[in-house]
Amino acid sequence: MSNSLFQHTQTAHCESGVISNLLGHYGLQISEPMAFGIGAGIFFGHLPFVKVNGVPGTTYRIWPGAIFQRVCKRLGVRMESEKFSTPEKGMQALDKVIAAGIPVGLQSSVYYLPYFPPSYRFHFNAHNLVVYGKEDGQYLVSDPVMDTVTTIDPESLEQARFAKGFPAPKGKMYYPVHVPPTASFEKPIKAGIEQACHFMLKVPIPMFGVKGIRFLAKRVANYAENPGDRKATLYLGNIIRMQEEIGTGGAGFRFLYAAFLQEAATLLKKDELSKLAGELTQTGDLWRNFAFAAGRVCKSRSADNVSYKELSEMLFQCAASEEAFFKKLAQVKL
């Protein structure tokens, strides 16, 4: 199958990028920010009990797969999605679908993707990419975070699709079986905004949403004592990595959501959304400043209580900024 049939567009984040590229292939044009917004992708969670590589997990976006499900539901797209008990079954099923000329979305581990630079290859099992064909025994890959299409050998792809660890991808593959030729975005935009506001402000669990940012801020203040200096650097390093390297990370997701609000403002003719987009960009800057300061603490071997207290204050500032933003967004009459 030749490369010209699948249009590859580089995007900031893998899941919203795959949605944009896959649906675009079937003629339903949706930008990456629009997919992210309709899917209510913006979120925050800090999970001390969910250890990723032995370190507490932090997320700046909704859990993997949720953006996809929500976008499909809201736009009337029907997806076929499968997981497999063995690698053989998973690879056979993939071959069969791409032989029929259907591009397929896959969940995979970043660690086994040889086209990523070594410094980016670590055990993260919720990366999304598209395989759209096979040539000379190599799979043709459109990975939305790469600037061009690439190829991958069958062994590496199998390892990436069936990586062990949390969350185990189990060869997950998905592809559209019904895509409406056009879709109205008005209602989906409203539903996406309402859901994002609810998840950021109203979820009663202290580790999620704005409460989750404050929850993390309190923990960071005491990092020098608990978990203690050596581990604190690891914990902090992971917060930055989740923020700045995985997909678009924390600040990047704020900029992506701001781009969605700009697009929504034009579509719904609502200037307030455009103003709020500007405010959210400033919140993104606060997160960037936090990451920069946290990076310095990780590098300086002399991190003391003061530095962790300062980082904690910066997180409280991010929380206040996000709370004010989502409260205003929730009040916009859509």
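Just so it is clear, the model here is predicted, and its values are computed rather than measured.
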**Student:** Report yes or no: does Q195 contribute a side-chain atom to a donor-acceptor pair with the main-chain N or O of A40 at less than 3.5 Å?
**Tutor:** no
**Student:** For the pair W287 and F290, name the ring-plane relationship: parallel under 30°, tilted 30 to 60°, perpendicular over 60°.
**Tutor:** perpendicular
**Student:** Should E323 and R214 be marked as a side-chain contact (heavy atoms from CB on, under 4.5 Å) after you check the CA-CA gap, both sets of side-chain angles, and the distance that decides it?
**Tutor:** CA-CA 11 Å; E323 184 171 43; R214 294 200 171 106; 2.9 Å; yes
**Student:** Indicate if L267 and L329 have the same hydrophobic cluster label, given that clusters are the connected sets of ILVMFWY residues with side-chain heavy-atom separations under 4.5 angstrom.
**Tutor:** yes
**Student:** Does a salt bridge link E82 with K170, judged by any charged N lying under 4.0 Å from a carboxylate O?
**Tutor:** no
**Student:** Are F260 and F36 an aromatic pair by the rule of ring centers under 6.0 Å?
**Tutor:** no
**Student:** Using distance alone, with no hydrogens and no angle criterion, decide if N21 and Y132 have a side-chain donor and acceptor under 3.5 Å apart.
**Tutor:** no
**Student:** Under the side-chain contact (heavy atoms from CB on, under 4.5 Å) test, which residues partner S109, sequence neighbours left out?
**Tutor:** Y111, Y112, N125, A163
**Student:** Just by distance, with hydrogens left out, do T283 and E322 show a side-chain donor and acceptor under 3.5 Å apart?
**Tutor:** no
**Student:** In the structure I gave you, are the side-chain heavy atoms of I19 and I67 within less than 4.5 Å of one another anywhere?
**Tutor:** yes
**Student:** Of all the heavy-atom pairs spanning P169 and Q107, show the shortest one and how long it is.
**Tutor:** CB-O, 3.7 Å
**Student:** So do S81 and K172 actually touch side chain to side chain, heavy atoms under 4.5 Å?
**Tutor:** yes
**Student:** Got a donor-acceptor contact below 3.5 angstrom from the S274 side chain to the K270 backbone?
**Tutor:** no
**Student:** What are the two closest heavy atoms between P103 and V130, and how far apart are they?
**Tutor:** CB-CG1, 3.9 Å
**Student:** Without swapping roles, check the side chain of K211 against the backbone of V203 for a donor-acceptor pair under 3.5 Å.
**Tutor:** yes
**Student:** Please confirm whether the backbone N or O of P176 pairs with a side-chain atom of E80, one donor and one acceptor, at under 3.5 Å?
**Tutor:** no
**Student:** For the backbone of I38 and the side chain of R70, can you confirm whether one donor and one acceptor N or O come within less than 3.5 Å of each other?
**Tutor:** no
**Student:** Might you work through the side-chain contact (heavy atoms from CB on, under 4.5 Å) test for R254 and Y60, ending with a clear yes or no?
**Tutor:** CA-CA 9 Å; R254 274 62 197 156; Y60 297 81; 3.8 Å; yes
**Student:** Quick one: which of T148, D143, T151 gives a side chain to side chain donor-acceptor pair (under 3.5 Å) with Y115?
**Tutor:** D143
**Student:** Going by heavy atoms in the side chains, are V141 and V149 under 4.5 Å from each other?
**Tutor:** no
**Student:** Any donor-acceptor pair under 3.5 Å linking the side chain of R161 with the backbone of S156?
**Tutor:** no
**Student:** Have a look at S321 and tell me which of V210, I213, L286 forms a side chain to side chain contact (heavy atoms under 4.5 Å, CB included) with it.
**Tutor:** L286
**Student:** Considering the options W63, F199, F43, which one meets the ring-ring contact (aromatic ring centres under 6.0 Å, His included) requirement together with F208?
**Tutor:** F43
**Student:** Just by distance, do the side chain of E263 and the backbone of P33 share a donor-acceptor pair under 3.5 Å?
**Tutor:** no
**Student:** Would R288 pass as a cation-pi partner of F253, given that its NZ or CZ must be under 6.0 Å from the six-membered ring centre and within 45 degrees of the axis?
**Tutor:** no
**Student:** Check V71, L22, L28, I30 against V77 for a side chain to side chain contact (heavy atoms under 4.5 Å, CB included) and give me the one that passes.
**Tutor:** L28
**Student:** Work out which heavy atom in P48 is nearest to a heavy atom in M207; give both atom names and the distance.
**Tutor:** CD-CG, 4.4 Å
**Student:** Could you tell me which residues satisfy ring-ring contact (aromatic ring centres under 6.0 Å, His included) with H127, sequence neighbours excluded, listed by chain and number?
**Tutor:** F116
**Student:** Looking at F68 versus Y174, is the centre-to-centre ring distance below 6.0 Å?
**Tutor:** yes
**Student:** Can you label the angle between the H46 ring and the F215 ring as parallel, tilted or perpendicular, going by 30° and 60°?
**Tutor:** tilted
**Student:** Hey, could you give me the CG/NZ distance between L261 and K275, rounded to the nearest 0.5 Å?
**Tutor:** 13.0 Å
**Student:** Using the rule that Ile, Leu, Val, Met, Phe, Trp and Tyr join whenever any side-chain heavy atoms are under 4.5 Å apart, tell me whether F316 and L311 fall into a single cluster.
**Tutor:** no
**Student:** Hey, does L47 have a side-chain heavy atom less than 4.5 Å from the side chain of T58?
**Tutor:** no
**Student:** I'd like to know if K309 pairs up with E313 as an ion pair, taking the criterion as any Lys NZ or Arg NE/NH1/NH2 lying under 4.0 Å from an Asp or Glu carboxylate oxygen.
**Tutor:** no
**Student:** Check the pair S16 / E32 against side chain to side chain donor-acceptor pair (under 3.5 Å), numbers first and verdict last.
**Tutor:** CA-CA 5 Å; S16 38; E32 182 195 13; 3.2 Å; yes
**Student:** Step by step, would you call V332 with I193 a side-chain contact (heavy atoms from CB on, under 4.5 Å)?
**Tutor:** CA-CA 10 Å; V332 176; I193 287 177; over 6 Å; no
**Student:** Any salt bridge between E279 and K328, counting N to O under 4.0 Å?
**Tutor:** yes
**Student:** Are E135 and L140 close enough that some pair of their side-chain heavy atoms sits under 4.5 Å apart?
**Tutor:** yes
**Student:** Just to verify, what does R74 make a salt bridge (Lys or Arg N to Asp or Glu O under 4.0 Å) with, not counting sequence neighbours?
**Tutor:** none
**Student:** Checking the side chain of D136 only, and the main-chain atoms of Q138 only, is there a donor and an acceptor separated by less than 3.5 Å?
**Tutor:** no
**Student:** Is it true that atom NZ of K73 has more than 12 heavy atoms of other residues, nucleotides or ligands lying nearer than 6.0 Å?
**Tutor:** no
